[in-house]
Amino acid sequence: MSLSSRYNAEETENKWYAHWMEKNYFRSVPDEREAYTILIPPPNVTGVLHMGHMLNVTIQDVLIRKARLEGKNACWVPGTDHASIATEAKVVKMLREKGIKKSDLTRDEFLSHAFQWKDKYGGIILDQLKMLGASCDWERTRFTMEPALQKSVLQSFKDLYNKGLLYRGLRMTNWDPAAQTVLSNEEVIHQQENGKLYHISYKIDGEDQVVTIATTRPETILADSAIAVHPDDERYTHLHGKFAIVPMINRRIPIIVDRYVKLDFGTGALKVTPAHDMNDYEIGQRHNLEVIDILNDNGTLNDRAQFYIGMDRMVVRKQIAKDLQSLGQLEKVEDYSNSVGRSERTNAVVEPKLTQQWFLKMDSLAKTALKAVENGDIQFMPTHMINMYRNWLKEENVRDWCVSRQLWWGQQIPAYYHKKYDITLVATTSEDLEKQIADLNQQITSNEGLEVSHRNDASRKSSVLESLSIKDFEQDEDVVDTWFSSWLWPISVFDGFEDQKELSYYYPTSVLVTGWDIMFFWVARMIMAGYEWSPDLIPSVVAKKGAFPFKDVYFTGMVRDKLGRKMSKSLGNSPDSIELIKTYGADGVRFGILSAAAAGNDVIFDAPFTDKKNTSIKNESKLCETGRNFSNKLWNALRLIDAWPIQDEAANEDIANMNQYANLWMEQSFHKTLDQVNDLMGKYRLSEATRVLYNFIWGDFCSWYLEIIKPDYQQAIDTSTRRFAIELFKKLMTLLHPFMPFVTEEIWSILKDNESEPDCVLSSWPKTKPYDGELIESFQTIKQLVSSIRDLRNKNQLKPKEPLKLLVRKSKKTKRLLSTAGAMTLIQRIAFLSDIHMTDTEDDGHAFLVGTEQFFLVFEKSIDAAAEKMKIEEEIQRLEGFLKGIDKKLSNQRFVENAPTKVVEMEKKKKTDSLAKIQVLKENLSKLDA
RNA sequence: GGGUGAUUAGCUCAGUUGGUAGAGCGUUUCGUUUACACCGAAAAUGUCAGGAGUUCGAGUCUCUUAUCACCCACCA
């Protein structure tokens with residue numbers, strides 16, 4: 001068989017992914033094995049693969065593949081999130097481009113457009129995950145808006161309502177005028193923006209004086225209810241109790257005193273606009289001020305504003321400034337930078353607005369969720385993330401969660417209101433609703449009426465005598481926040497609210513891998529949901545394992561570009577994932593990402609982004625390139641072994657011994673490496689594990705081991721060494737498989753010699769075994785010796801393969817080293833020596849040191865004696881300085897007494913070693929003088 | 001204002017019980033009949049941000065200063 005010298009990633013990857021799928025290797029069903037479960041953080045259904053996903057997914061795939069190799073029942077559940085506001089915003093935009101306004105559509109019409117959109121673009125991202133090699137159980141793919149998950153949302157909503165944790169109320173909320181929905185605090189992004197600070201003077205009622213306020217939003221003066229000053233502000237004491245006149249509309253508003261006002265800000269006088277500012281609303285509450293809402297839902301002014309009706313607030317801002325100026329009431333305008341909240345999804349400037357919303361009480365939920373992490377039921381990685389978590393969940397920072405959204409794309413809130421009376425029913429199905437109405441009617445007939453308030457007038461009470469009809473109830477128009485479905489993910493993907501069979505087996509999941517940016521949105525809330533429902537759903541499992549939804553949380557960092565900016569679509573600074581995979585292969589990209597990603601640290605990815613304007617910039621990444629090169633290296637190691645002719649026995653006894661020695665060393669080193677990899681992966685230190693494997697395979701396995709056992713030109717390798725090399729290579733492929741699944745599978749498939757053997761993806765993770773550290777150490781010395789010889793050749797312009805004689809000063813250590821069967825042959829061959837000769841006399845070779853041992857290489861060409869002398873002198877000087885430090889330590893009684901004996905012993909050894917080295921160097925020096 | 005992290009070789013970053021600083025890339029030199037130039041051999045490079053403290057010993061622990069990120073709250 002002849003194999004190309006270039007590994008073809010694209011071809012190989014497609015082939016193997018199809019094969020794995022065909023064999024159904026990623027399928028998991030409950031059985032008697034231990035479960036290892038990961039749930040994918042569901043990406044937005046219409047999203048495309050970006051660097052963050054790639055990081056996330058690669059890590060999850062490494063963990064799940066390792067578990068699979070360890071014989072666990074590995075289950076990785078994929079899926080997508082309907083992403084309520086994000087998707088709806090996209091659909092609205094798409095419709096607008098087609099000339100269709102959302103407001104012209106009915107709810108059902110809009111939803112059918114949205115579903116069409118979802119069918120067209122949804123799931124693209126899942127196919128992209130397949131390109132990366134993600135070994136998800138695709139039969140389990142879930143979507144947060146599919147009927148079963150929808151049902152979970154309704155059930156949990158009803159449950160929380162019945163527990164009294166959900167309530168409806170009129171609150172100041174963040175209003176997105178573009179999407180025309182309320183937003184949670186987390187969906188509002190505050191940023192410093194340049195604006196203007198307008199100083200506007202208000203006349204004092206009945207007097208010939210003015211009071212000047214400063215505002216960044218002059219249009220809101222039309223909604224002013226008061227002017228507030230600080231009670232201790234002597235500048236305004238004379239105004240207490242008086243009234244001011246709002247410019248243009250001439251409304252008379254009181255001048256009030258409130259400690260909220262800052263003396264040193266602006267003019268010290270604050271216009272109070274309860275309808276359009278969070279703090280003003282609170283002031284308004286304290287002083288019983290009128291709430292005048294002048295904004296329509298789309299951000300234009302309504303008729304309560306009296307002027308500028310129908311104009312957008314941003315347009316009015318400029319216009320009113322001009323108009324105030326002509327009235328002489330605009331004193332000055334300053335440039336001003338302040339923080340502006342914008343909608344995460346639509347980028348519209350968010351307006352505070354008083355709206356009726358559903359809220360979830362968070363205090364007890366937050367307390368439980370905090371405890372779960374503080375008492376170690378759930379482990380965060382990196383551990384310091386607990387600080388951020390604590391800071392957010394502590395009592396004084398927790399706010400009730402606004403769960404309603406004025407959108408259509410999502411789960412419609414299962415609350416039904418009677419058209420006339422203040423009756424709210426929360427029902428999951430129409431049967432449920434009918435039953436609840438029937439119950440009420442039962443109550444009405446048996447109690448001779450039901451005392452209720454009127455819907456539009458709480459103070460008006462009636463006794464309902466007639467039967468209530470389902471026709472008189474209307475469902476809440478709103479949908480729930482997207483996170484109100486995703487917080488159920490660990491339960492709902494197993495249909496846990498419906499049937500607990502699967503949930504009992506897979507819950508709690510093993511690890512959650514996600515970015516810390518959604519710690520509050522999602523992670524904390526999943527923990528809350530876990531503790532809220534799992535004890536009722538699967539009590540016996542919870543008693544045994546706990547109620548937490550996952551044992552570990554691995555927080556990945558944010559992927560940033562070279563400038564340290566978070567990669568985002570709007571900045572256009574994200575490399576094209578698919579292009580990257582095409583360029584370097586999925587294995588290469590995985591390797592690149594993994595080597596860049598230490599847990600929790602932000603990842604600076606070195607791929608220059610494809611600039612929106614300059615598409616000629618190619619995606620290139622040194623890290624991925626290293627990964628691709630590594631694939632190619634593995635491939636060529638395979639080609640090497642594959643091409644060797646085979647013979648029964650080694651050519652001679654020396655070769656046989658040498659190969660045996662090399663095998664022994666490899667075996668020991670392998671187990672040392674295995675230990676390291678196990679340890680690192682257990683701690684989720686994947687970047688380090690990647691590096692350890694890379695160094696071992698490229699360095700020890702390829703550069704040393706294969707070079708040693710490589711037969712001479714047109715010679716053959718003996719079967720047992722070949723067998724050993726192949727078995728070792730296969731073990732290495734298993735170890736590397738989680739990181740680079742495709743190339744390892746390909747190589748494995750060529751290495752394996754019978755069809756009954758499993759594929760690499762299902763091979764067995766090697767068992768650990770004690771290893772001989774001393775043997776590895778002494779081999780290390782051999783490597784150093786060989787490198788030193790090569791260095792000498794280099795420095796003296798000697799041909800790499802010119803046979804040279806090596807003289808070895810007799811000492812116990814070298815004797816032991818060189819008497820190891822095969823060691824002598826090994827050195828002689830790879831260092832291209834004609835002879836290794838033991839000596840205890842003065843010799844005429846060129847002396848060099850390996851450790852403390854002295855060697856001489858015999859060659860003709862004379863070296864630059866003066867330069868050599870200088871180098872030796874420098875080295876002696878360095879060593880003497882070093883020795884001084886050691887002596888200082890050793891003569892320090894406290895050190896000798898306090899430091900562990902092991903450390904003291906080491907210092908003593910260092911001292912004797914240095915002394916020996918100096919001794920040898922001085923000898924060399926004197927020889928140069930001679 | 002509250003909180004978190006970072007500062008280590010030219011670049012990007014590792015460095016978990018405190019015991020003489022590491023990797024990749026880049027650089028320099030040499031090398032191509034015998035797996036791989038997506039290669040091989042070898043070399044150079046650091047007052048571990050500054051200061052103080054604890055300790056026999058600090059990149060590692062404590063305090064402090066500076067710079068830079070980020071999160072939460074908020075900025076008439």
Side-chain angles (χ1 to χ4, degrees), chain A residues 3 5-7 185-186 190 192 197-198 213-217 220 228 260-262 265-273 277-280 336-339 382-385 387-388 390-392 396-397 516-517 519-520 558 560 562 564 566 584 588 595-596 598 600-606 622-623 625-626 628-644 683 685 687-688 691 694-695 702-703 706-707 710-715 786-788 790-795 797 799-800 882 885-886 888-890 892-900 902-904 906-907 910:
Chain A
L3 304 169
S5 69
R6 276 291 158 85
Y7 170 67
N185 283 343
E186 291 77 21
H190 289 272
Q192 285 298 121
L197 189 62
Y198 301 84
I213 57 91
T215 178
T216 52
R217 299 189 298 159
T220 62
Y260 169 79
V261 183
K262 288 190 191 76
F265 191 91
T267 61
L270 168 74
K271 69 193 255 336
V272 184
T273 320
D277 185 281
M278 302 278 181
N279 293 306
D280 289 10
Y336 187 67
S337 160
N338 70 333
S339 127
T383 47
H384 70 78
M385 284 296 171
N387 294 321
M388 204 190 284
R390 187 184 292 123
N391 198 252
W392 196 69
E396 60 269 33
N397 285 344
W516 52 258
D517 55 331
M519 180 190 281
F520 311 135
M558 298 295 100
R560 296 175 186 284
K562 275 187 154 175
K566 196 167 158 180
Y584 300 109
S595 27
N601 283 356
D602 283 357
V603 179
I604 307 280
F605 200 69
D606 65 341
K622 285 291 174 190
L623 293 168
E625 195 178 309
T626 306
R628 180 201 60 187
N629 294 354
F630 189 31
S631 298
N632 199 51
K633 183 72 182 177
L634 294 168
W635 177 249
N636 278 291
L638 170 78
R639 287 179 62 224
L640 176 68
I641 293 182
D642 197 59
W644 285 336
K683 295 172 182 159
R685 306 176 73 82
S687 66
E688 284 170 71
R691 205 179 55 220
Y694 176 86
N695 288 339
C702 292
S703 297
L706 290 182
E707 289 298 332
K710 180 156 93 178
D712 287 338
Y713 187 51
Q714 290 193 331
Q715 297 291 304
V786 172
S787 293
S788 302
R790 288 170 177 166
D791 187 27
L792 274 176
R793 286 180 188 272
N794 239 330
K795 283 187 178 134
Q797 284 102 45
K799 288 242 166 68
F882 181 56
I886 296 170
K888 201 174 144 195
K889 265 191 198 173
L890 285 173
N892 183 335
Q893 194 135 10
R894 285 198 290 181
F895 171 73
V896 181
E897 279 166 9
N898 295 328
K902 221 171 119 190
V903 174
V904 179
M906 214 149 77
E907 290 299 319
K910 277 186 217 161

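Naming convention: chains lettered A, B, ... in sequence-line order (proteins, then strands); numbering from 1 in each chain.
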Original post:
Which whole-number value in Å describes the distance from A/W635 CH2 to B/rA35 P?
Top reply: 16 Å
Original post:
Checking all strands, does A/S787 fall into the base, sugar-phosphate, or nothing category for heavy-atom contacts under 4.0 angstrom?
Top reply: sugar-phosphate
Original post:
What does A/V261 touch in the nucleic acid at a heavy-atom separation under 4.0 angstrom: a base, only the sugar-phosphate, or nothing?
Top reply: base
Original post:
Which part of the nucleic acid does A/A643 contact within heavy-atom distance under 4.0 Å: base, sugar-phosphate only, or nothing?
Top reply: nothing
**OP:** Answer with base, sugar-phosphate or nothing: what part of the nucleic acid does A/L270 contact at a heavy-atom distance below 4.0 Å?
**Re:** base
Original post:
B/rA41 base to A/E707 side chain: any donor-acceptor pair below 3.5 Å?
Top reply: no
Original post:
When the C1' atoms of B/rA9 and B/rG15 are considered, how many whole Å apart are they?
Top reply: 14 Å
**OP:** Answer with base, sugar-phosphate or nothing: what part of the nucleic acid does A/R6 contact at a heavy-atom distance below 4.0 Å?
**Re:** base
Subject >> Value in whole Å for how far the P atom of B/rA41 lies from CG of A/L792 >> reply: 17 Å
**OP:** Pick base, sugar-phosphate or nothing for A/D791, based on heavy-atom distances below 4.0 Å to the nucleic acid.
**Re:** sugar-phosphate
**OP:** Quote, to the nearest angstrom, the C1' distance that separates B/rU55 from B/rA44.
**Re:** 35 Å
Original post:
Is A/A228 touching bases, backbone alone, or none of the nucleic acid, heavy atoms closer than 4.0 Å?
Top reply: nothing
Original post:
Does B/rG46 pair with anything, Watson-Crick or G-U wobble, both distances under 3.5 Å, and if so, with which nucleotide?
Top reply: none
Original post:
Looking for any heavy atom pair under 4.0 Å, which part of the strands does A/N279 touch: base, sugar-phosphate only, or nothing?
Top reply: sugar-phosphate
**OP:** Could you note down all residue pairs passing side chain to side chain donor-acceptor pair (under 3.5 Å) where residues 629-638 of chain A supplies at least one of them, sequence neighbours left out?
**Re:** A/N636-A/R639
Subject >> Pairing nucleotide - B/rU4, Watson-Crick or G-U, each distance under 3.5 Å >> reply: B/rA69
Subject >> Contact under 4.0 Å: A/R790 side-chain N or O vs B/rA42 OP1/OP2 >> reply: yes
**OP:** Hunt down the Watson-Crick or G-U wobble partner of B/rG59, both distances under 3.5 Å, from any strand shown, or write none.
**Re:** none
Subject >> Side-chain N or O of A/S595 closer than 4.0 Å to phosphate OP1/OP2 of B/rA23 >> reply: no
**OP:** Determine the contact category for A/F520: base if any of its heavy atoms lies under 4.0 Å from a base atom, sugar-phosphate if only primed atoms, P, OP1 or OP2 are that close, otherwise nothing.
**Re:** sugar-phosphate
**OP:** Taking the side chain as every heavy atom from C-beta outward, state whether A/Y584 and A/E625 have any pair of such atoms under 4.5 Å apart.
**Re:** yes
**OP:** Determine the Euclidean distance between corresponding C1' atoms of B/rU28 and B/rU45; express it in Å to zero decimal places.
**Re:** 11 Å
Original post:
So, does the side chain of A/R628 form a donor-acceptor pair with the base of B/rC38 at under 3.5 Å?
Top reply: yes
**OP:** Identify which nucleotide among B/rG15, B/rA76, B/rG40 has an atom closest to any side-chain atom of A/K262, counting heavy atoms from C-beta outward.
**Re:** B/rA76
